[in-house]
Amino acid sequence: MRISTLTIYNQHTSSMNKQQADVMKVGQQIASGKRVTTISDDPQAMTQAVALSQSQAVTQQFVDARIGVRNSLGQEESVLNSVTEIYSRAKTLMVQAANGTLGDADRASVGSELKSLYESLVGLANSGDGNGRYLFGGYQDDTAPFIRQPDGSVSFNGSTEIREQRVDADRLMPTGHTGDEIFRQVHSSAGYLVDASPANAGTMTFGAAEILDPSDPQFGQAFDLSFGGTAAAPTYSVNGGAAVAYTAPQDIAVGGLRVRLEGQPAAGDTLRIAPADQGNTDIFKTFERAIAALDTPAITASDKANLRNSIHVVMNELDNGLENVLTVRAEVGARFNELDTLDAISSNRMIGYKQAMSDLVDLNYVEAASEYSMRMVGLQAAQQSFAKVKDLSLFNYLR
């Protein structure tokens, strides 16, 4: 078989090009630090690497989502801290107003500071997140959750449902709380509250509801007391029942509870004993009642009794409101802790992904350097061999 000179040249050129390509490939691997740079290098490893890359991207998305939730919760915690301070100061003012030595002017001065706290509280309830959204508006975060009515009162205009953010594959976390949860609810442990109508004409006052028998069949229900009879022989009935003689002071026992009443009621006066969540749970109404009571001159004995009753109710409602805010703050703290835990888990997960990715595609520099040297030797040998072979010819041996 004849082998032409062109064939020899082509074979040697092809061989050197292949070896040159192999050298360049190893050099590219060394430069990039990757063993697998294209899918043809290792199809199985590249397929697994793509799947790992997707998992890393999803995990990073959850990390970014947790940052957003953490920022929202941080803003909420800052506002709730200010709300707590307002409640505490309001309670201090009400204790001061309960001092029987204060006159109408002194109570009006206390009421003036209470009005400032009230305005501050409304502002905090309508706090924004810096991006044009209201913290406590729920789904309706594009409008103020609390609005002023024509009569000066404040009403809730937001949503009672809160937005949620997926912070991990199987965890949806609320991004905050609604204004309804914070300013218009009480904790389940609030217990009973006693309240008398501000329009009562008598001098009756009341103490706190004392729990005697939680197993009573009527425990947990509300009880409305209506007073009648005459000034000389007053009576009361519970939930429209039979009239019972009243003699001040008197302990009223209903539904496993006991309430101490003092003073003389007038016919038509009313008293309500009910679980806190069945009474007024709106903290703004609590402030409005307190301000109205402090601004109203207490001249007659009936006025002073109504003032005392209102202050008593307001202080109890402030306590319940504060307890509710502290509970919400505890929930915020628990979510912070959960986010920290998820971050730690995510960090460990990312380390595992990176290690698995490294095992699949990263380069072993020792092996690569050895292979690079070997292929360079092969390329140089091929070049030198071709240089010698190309000069071989029969004409070199003719004399």
Polar side-chain atom of [X] near backbone of [Y] as donor-acceptor pair, under 3.5 Å:
X	Y	result
Arg289	Val314	no
Asn306	Asn200	yes
Ser72	Gly68	yes
Asn309	Met204	yes
Asp168	Asp170	no
Asn324	Asn320	no
Asp303	Thr300	yes
Thr92	Ser88	yes
Glu288	Val154	yes
Gln75	Asp129	yes

Are Asn280 and Thr286 close enough, and set up right, to give a side chain to side chain donor-acceptor pair (under 3.5 Å), and what steps lead you there? CA-CA 8 Å; Asn280 172 47; Thr286 298; 3.2 Å; yes
List the atom of [X], the atom of [Y], and the distance in Å for their closest heavy-atom pair.
X	Y	answer
Val194	Ala208	CG2-C, 4.5 Å
Asp104	Pro297	OD2-CB, 3.4 Å
Pro249	Glu262	CB-CG, 3.9 Å
Ala65	Gln165	CB-NE2, 3.6 Å
Gly202	Asp269	N-OD2, 2.9 Å
His187	Glu323	CB-CG, 4.2 Å

Ignoring hydrogens and angles, state whether a donor on the side chain of Gln149 or Ser155 is under 3.5 Å from an acceptor on the partner side chain. yes
Checking side-chain polar atoms at under 3.5 Å, does Gln60 have a donor or acceptor matched by the opposite partner on Asp64? yes
To the nearest 0.5 angstrom, please state how far the [atom1] atom of [X] sits from the [atom2] atom of [Y].
X	Y	atom1	atom2	value
Glu119	Leu114	CD	CG	11.0 Å
Thr205	Leu271	OG1	CG	10.5 Å
Thr235	Leu225	OG1	CG	11.0 Å
Ile351	Ser346	CD1	OG	10.0 Å
Ser127	Leu80	OG	CG	9.0 Å
Asp106	Leu294	CG	CG	11.0 Å

What I'd like to find out is whether the side chain of [X] reaches to under 4.5 Å of the side chain of [Y], using heavy atoms alone.
X	Y	result
Arg163	Tyr139	yes
Pro234	Tyr246	yes
Lys91	Leu322	no
Val79	Ile182	no
Tyr87	Ile283	yes
Glu113	Arg89	yes
Ser55	Arg349	no
Asp295	Lys115	yes

Is there a side chain to side chain contact (heavy atoms under 4.5 Å, CB included) between Leu193 and Glu317 once you walk through the steps? CA-CA 8 Å; Leu193 284 182; Glu317 290 180 353; 3.9 Å; yes
More than 12 foreign heavy atoms under 6.0 Å from CZ of Arg66: is that the case here? yes
Linked, directly or transitively: [X] and [Y] (ILVMFWY side chains, under 4.5 Å):
X	Y	value
Leu73	Val328	yes
Met315	Val313	no
Ile345	Phe336	no
Met94	Leu102	no
Phe206	Leu212	no

With Thr178, which residues qualify under side chain to side chain contact (heavy atoms under 4.5 Å, CB included), at least two apart? Ile162, Asp180, Glu181
Show your reasoning for whether side chain to side chain contact (heavy atoms under 4.5 Å, CB included) applies to Gln56 and Thr59. CA-CA 5 Å; Gln56 285 178 313; Thr59 300; 5.7 Å; no
Applied to residues 262-306, the ring pair (Phe, Tyr, Trp, His ring centres under 6.0 Å) test, sequence neighbours excluded, yields Phe146-Phe284, Phe183-Phe284
In sequence, state the C-alpha distance, the side-chain angles, and the governing distance for Asp224 and Thr270, and then conclude on side chain to side chain contact (heavy atoms under 4.5 Å, CB included). CA-CA 7 Å; Asp224 291 303; Thr270 60; over 6 Å; no
Run the numbers on Arg107 and Leu307 for side chain to side chain contact (heavy atoms under 4.5 Å, CB included), then give the verdict. CA-CA 11 Å; Arg107 285 191 293 272; Leu307 173 64; 3.4 Å; yes
Pairing residues for Lys285 by the salt bridge (charged side-chain N to carboxylate O under 4.0 Å, His left out) criterion, not counting sequence neighbours: none
